[in-house]
Structure formats: C-alpha cells, structure tokens
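First up is the structure itself, then whatever we jot down about it.
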Amino acid sequence: MDVQEKLSLIKRNTEEIVTKEELRDLLEKKEEPVTYVGYEPSGSLHLGHLLTANKLIDLQKAGFKVKILLADLHAYLNEKGSLEEIRKTAEMNKKCFLAYGLDKEKTDFILGSEFQLKDDYILEMYELSLKVTLNRAKRSMDEVTRRKQNPRVGQMLYPLMQTMDIGKLGIDVAVGGIDQRKIHMLARENLPSLDYKKQISIHMPILTGLDGEKMSSSKENWIDLSDTSEEVKQKIMDAYCPQGEIENNPIIEILRYHIFPRIDEFTIERKEEYGGNLSYKTVEEVEKDFSKQELHPLDLKKSVSNYLNKILEPARKKI
RNA sequence: CCCGCCCUAGCUCAGUUUGGCAGAGCGGACGGCUGUAGACCGUCUGGUCCCCCGUUCAAAUCGGGGGGGCGGGACCA
C-alpha cells in the first residue's frame with residue numbers, strides 16, 4: 001500500500017483530520033506509527049465505540065501499531081462506578097474488541113492505572129495543570145462529561161490525564177469521536193511545552209440516534225453489543241428512516257459506517273413485485289437509489305439488520 | 001463560619017401565600033394510518049413531593065432537626 005492509498009483508507013468516513021498535512025508527512029517518514037483510542041470501560045459497548053474501532057482496523061491495515069487504552073481512571077473520574085467494577089468491565093471490553101476484528105498481534109491493550117499513577121506522570125500532570133485554565137478544561141469536557149450540572153474537580157483532571165496519556169504512550173495519531181475534539185486540541189496545544197510531540201487527531205462523526213435525534217443516554221436510542229440479534233432487528237425496524245432522505249438517517253449511517261467498511265458487496269433481497277433483488281458495491285450507489293426512492297426503507301432495513309447482526313455476532317459472544 | 005435561595009413523575013417545571021383527592025408539558029408503551037420509521041389521530045403510563053420528628057380530623061404546603069445543591073458574605077493571619 002503506497003502513501004496515497006493509505007491516506008484515502010485512513011480518511012474514509014472521518015469527520016476531520018487535524019491535520020492532513022501532518023498525517024501525510026508522518027506516513028512518508030515513519031515505518032510503523034503509533035495510534036490509539038482511549039475508551040472508558042463500559043458495560044454496554046455500542047455502535048459509537050465500534051465506529052472508532054473500525055478506524056483502528058483501517059489504521060492497522062495501513063501499517064499502524066494500535067494501542068487501546070482501557071481508561072479505568074478516566075471512567076472513575078467520570079463517575080462510572082467503583083474502580084473494581086470498572087476494571088472487571090475493562091477485561092470484558094478487551095475480549096470484545098479482539099473478537100470484533102482487531103488484529104491481536106498488532107494491538108496493545110493498556111489499563112490506564114498501570115502507568116497513570118507513576119510519580120513522573122503525576123508530577124508532569126501537575127505541571128500541566130498550571131498551564132490550563134479552569135474555563136478551558138471545563139469547556140473541553142462539555143461533550144464528554146456525565147455530570148454537567150454540578151461538575152466535580154475530578155472532571156477537570158480528565159482532560160489533563162488524556163493529554164498526559166498521549167504524551168506518555170508516544171502517540172502519533174489519536175482517534176476519537178468529534179466529541180473529543182476540544183480535549184485533543186488542548187493536548188496539541190500543550191504537549192510541546194512538556195517536551196512531547198503534538199499528536200495528529202482523527203475524529204469520527206457522532207452517529208444519529210435510531211429515533212433521528214441526538215444519541216442520549218436517557219433515551220437509549222442506539223444499538224448495544226449486549227442487544228440480542230432479535231433486539232437489534234427490532235430496533236432497526238423501529239428506527240427513524242424517512243423515504244428518500246439520506247441526511248441524518250440512522251439506517252443509512254449504519255450502512256455507511258459499520259457495514260460497508262467490513263464487506264465488498266451489499267445485497268438486498270426484495271420481492272419481485274417490488275423489483276427483485278439488488279446488489280451494491282459502494283454506499284454511494286445505495287444512497288443514489290434510496291434518494292431516487294427506488295429503494296424502499298423497509299427493504300433496506302431488513303438487509304441492514306441482517307448484515308449488522310453478522311458483524312456484531314463474534315463480539316457479542318464474548319460478553 | 002454567617003446570610004439568602006432551591007430540592008415535586010425519566011426530564012423541565014406548576015402547586016406552598018390561605019393545610020382539603022398529586023398536576024401540566026415533554027418523554028415512554030400500545031393501537032390506527034402508512035409496504036419502514038417519523039408526522040398525525042386515539043388509548044394508556046406515569047410519584048419515597050430529599051429524609052426524620054412534630055402540630056392537625058387532614059401536611060408537598062405549617063413548626064423543629066438533618067441531608068444535598070446554588071449564590072453571596074466574612075476571614076485574608
């Protein structure tokens with residue numbers, strides 16, 4: 001794979017890359033660059049988590065070394081439970097990610113607390129704490145935090161630790177949802193003054209919820225790895241999917257972000273009275289037919305739920 | 001440490017003045033209409049009124065105590 005091919009694979013389905021120029025430069029100069037995503041261990045891995053995992057798989061194909069940070073202390077600071085519970089969940093998450101399709105040989109799993117409690121880490125974090133204003137730290141957490149109403153001091157440590165992680169783990173490219181943008185920018189801005197290189201950031205979009213609204217923890221409008229195949233099918237069938245519209249359409253998004261990266265051909269079984277079976281090589285072809293209303297939402301949904309279940313099945317078994 | 005304000009359904013809040021069946025909107029569930037969903041229409045669902053004690057025939061409401069949150073003041077050695 002040459003640099004141009006790597007670039008287009010890495011760029012696929014991203015919301016933004018900060019910056020493309022730096023990424024090209026990295027690919028030209030470094031044999032095996034290091035990338036990472038930090039995940040708060042979660043009892044219910046959902047399609048949002050798997051979206052960044054898809055990007056890690058792309059990066060692995062492009063020759064990257066992948067580090068997955070199981071961020072137990074971050075989860076703890078974000079009030080996701082006791083450290084003991086969180087660590088148990090982290091073990092389970094690790095198995096799910098491997099089963100999902102990450103290459104075992106090229107993936108390092110790192111538990112946050114293994115290195116985040118070391119003296120030099122803490123001391124440098126204190127140094128960083130003198131450089132970052134409270135306002136800036138708080139704003140960086142706007143899209144991340146569990147508790148927005150009465151934020152705790154612990155939450156202010158979160159972006160500082162994330163910055164330290166990127167430095168300490170020697171990360172060239174940090175992957176995350178676009179919700180991580182402000183934290184990543186904070187890291188880029190401050191790492192050089194702590195004598196670390198500033199990372200390149202790849203941000204994935206935040207998917208539209210199944211009801212067509214923003215994903216919301218109170219509404220559970222998404223698909224979990226812990227959902228049974230029947231539940232997945234039911235959720236897809238119940239999902240918002242206006243005929244002919246491809247913008248903010250959760251079903252189209254699942255097809256684009258979760259299914260097409262994992263397959264070469266997408267087929268739809270359709271009754272003869274509705275036009276017979278269909279076959280597509282790219283998501284753009286599907287979008288074209290859907291826009292022209294030559295592909296009905298119900299036929300799309302049936303096929304999407306089948307493909308999605310096939311993709312989720314290996315990881316689901318590990319729960 | 002002192003002062004003021006706030007806490008009611010999953011969420012946002014009304015109700016507290018003057019004690020009298022616990023309310024609305026949003027959300028959620030189900031059905032109808034749709035070859036999906038949504039929208040629309042219909043039905044249903046909603047509670048430790050922060051906790052405890054007291055007064056009263058009767059307390060979300062009044063009194064006392066406690067907890068949590070927010071804002072301000074004071075201290076500035």
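Just so it is clear, the model here is predicted, and its values are computed rather than measured. Residue numbers start from 1 in every chain, and the chains themselves are labelled A, B, ... in the order their sequence lines are given, proteins ahead of strands.
Using a 30° and 60° split on the angle between ring planes, A:His46 and A:Trp222 fall in the tilted class, from 30° to 60°.
Between B:G19 and B:C1, the distance separating the two C1' atoms is 36 Å to the nearest Å. When the C1' atom is used for both B:G28 and B:G10, the distance is 8 Å, rounded to whole Å. Nucleotides B:A24 and B:A9, compared at atom P, are 14 Å apart to the nearest Å. The same atom, C1', is picked in B:G35 and in B:G47; the two are 42 Å apart, to the nearest Å. B:G23 and B:G65 are spaced 30 Å apart, taking the C1' atom of each and rounding to whole Å. Remark: the separation of the C1' atoms in B:C51 and B:G69 is 15 Å, to the nearest Å. Taking the P atom of each, B:A60 and B:U17 are spaced 12 Å apart, rounded to whole Å. Using atom P as the reference point in both B:G46 and B:U55, the two lie 34 Å apart (nearest Å).
Between the C1' atom of B:U36 and the NZ atom of A:Lys271 lies a distance of 13 Å, rounded to the nearest Å. Atoms CD (A:Glu245) and P (B:A39) sit 14 Å apart, rounded to a whole Å. Between A:Ile236 atom CD1 and B:U36 atom C1' the separation is 11 Å, expressed in whole Å. Rounded to an integer number of Å, the gap from CE of A:Met237 to P of B:G35 is 15 Å. Here B:G35 presents its C1' atom at 9 Å from CD of A:Gln243, a figure rounded to the nearest Å. As a whole-Å value, the separation of A:His296 NE2 from B:G35 C1' is 5 Å. One interatomic measurement links the two molecules: OH of A:Tyr240 to P of B:G38, which rounds to 11 Å at whole-angstrom precision. Rounded to an integer number of Å, the gap from A:Asn248 CG to B:G38 P is 17 Å.
Put simply, the side chain of A:Asp211 and the base of B:G38 share no donor and acceptor less than 3.5 Å apart.
Atom CZ of residue A:Arg181 and atom CG of residue A:Leu186 lie 12.5 Å apart, to the nearest 0.5 angstrom.
B:C62: Watson-Crick or G-U partner is B:G54, with both key distances under 3.5 Å. Pairing partner, B:C44: B:G28, with both Watson-Crick or wobble hydrogen-bond distances short of 3.5 Å. Across all strands shown, B:C49 forms no Watson-Crick or G-U wobble pair with both distances under 3.5 Å. B:G23: Watson-Crick or G-U partner is B:C13, with both key distances under 3.5 Å. Partner assigned to B:A74 is none, using Watson-Crick or G-U wobble distances below 3.5 angstrom.
Listed nucleotides B:G69, B:G35, B:G38 differ in distance to A:Tyr274; the shortest reach to its side chain belongs to B:G35. Here the nucleotide nearest the side chain of A:Lys301, chosen from B:U36, B:G38, B:G35, is B:U36.
Without hydrogens or angle criteria, A:Lys198 side chain to A:Asn190 main chain gives no donor-acceptor distance under 3.5 Å.
Outside the 6.0 Å centre-distance limit, the rings of A:Tyr280 and A:Phe260 are not counted as a close aromatic pair.
Between the side chains of A:Gln180 and A:Gln162, at least one donor N or O lies within less than 3.5 Å of an accepting N or O.
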Full working for side-chain contact (heavy atoms from CB on, under 4.5 Å) between A:Asp172 and A:Gln199: CA-CA 5 Å; A:Asp172 295 300; A:Gln199 92 285 4; over 6 Å; no

